[in-house]
Amino acid sequence: MFFPGEIWRDTAGQPIQAHGGGVLYAEGTYYWFGENKDKDTIYGRVDVVGVSCYSSQDLYHWQNEGVVLPAVLDDPKHDLYPRNVAERPKVIYNAHTKTYVMWLHVDSPDYLYARTGIAVSERPNGPYRYVGSIRPAGADSRDMTLFQDDDGSAYVISSSEMNRNLTIARLTPDYLQTTDQFIKALGKPDAHQGREAPAVFKHQGRYYLISSGCTGWDPNIAEWAVADTMLGEWKTMGDPCTGKDAEITYHAQSTFVLPVTGRPNAYIFMADRWNRHDLRDSRYVWLPLTFVDGAPQITWHDSWDLSVFSR
Ligand code: DGJ
């Protein structure tokens, strides 16, 4: 079963370190990538350890595949030097180049470097080679995610312009750069209403984006938006969460929405319950997301399993 907010251990009994994560489904196996934060928290941050990968056949039991993109310890100028920031890694597979491509938020400790790092591997469970970092479509980029469409086109969605805009840029066919196809999807005039923590998924031909507000490690209200095309007009719709603590996303912040393979109205909403005093002990909040009257709806469960989607 899933136990949202409880310590989640891997198959070796160790707490899973995959924060700000995302899941890739490849050849019958799920791969969960996320931030390894297994260091002491000092002034609200931990040094970069790297990107962890875990594999699973059933979504409940996860085997540690190790740190597949480690911090670079011997080069202070490297994006992945421990004193920097490496967050929210996401991986997609490029069928043309037969390469697994990871994008992640890389930053300086003051979050002003604001770039997206790119790493590649021939195997889903790495190791990944760091290619370098870019600013998607030339703009600053902080919280981010990737979305791959059914036709193979892929997009990076990132908090930009000091988080005032959530922008979407189409990637080049090799997924290693952005193209000039670029929109400002969720711009708001007040910076305090900016968006973070984007998670994008597709349901019955339409595109859905769940994001959070910007309150550091503290939780806030989630919002969903919908569009007919990735680079089209996005319309904000409201809070997808229901029930107790919905208005603070159950003390958590979105990171990914995982379509459950083989079930057309079954998604897992993945979120992080950050512990700002001990970030390594931040918990995972995975909850069922289904469509009710055409709108995505997330419901709290103390524990649940995939059979909730059959009810
Ligand atoms: C909120 C972001 O969503 C997190 O990924 C992280 O960057 C924190 N801010 C840092 O305060």
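Read the numbers this way: they start at 1 and go in the same order the structure lists the ligands and their atoms. Residues: numbered from 1 along the sequence shown.
Salt bridge status for Asp79 with Lys77: absent, with no side-chain N to carboxylate O gap under 4.0 Å.
Judged by the 6.0 Å distance and 45° axis criteria, Arg83 is not positioned over the aromatic ring of Tyr81.
Protein heavy atom in closest approach to atom 3 (O) of ligand 1: Asp143 OD2, 2.4 Å. Scanning all protein heavy atoms for the shortest distance to atom 5 (O) of ligand 1 gives Arg88 NE, 3.0 Å. The shortest contact between atom 9 (N) of ligand 1 and any protein heavy atom is with Gly216 O, 3.5 Å. Scanning all protein heavy atoms for the shortest distance to atom 7 (O) of ligand 1 gives Glu87 OE1, 2.7 Å.
Around the CG atom of Asp151, the shell of radius 6.0 Å holds more than 12 heavy atoms that belong to other residues, nucleotides or ligands. Residue Glu233 qualifies as open at atom CD: its count of foreign heavy atoms under 6.0 Å is 12 or below.
At a heavy-atom cutoff of 4.0 Å, ligand 1 is contacted by no atom of Arg142, backbone or side chain.
In this structure, the separation between CD1 on Ile92 and CZ on Phe147 is 10.0 Å, given to the nearest 0.5 Å.
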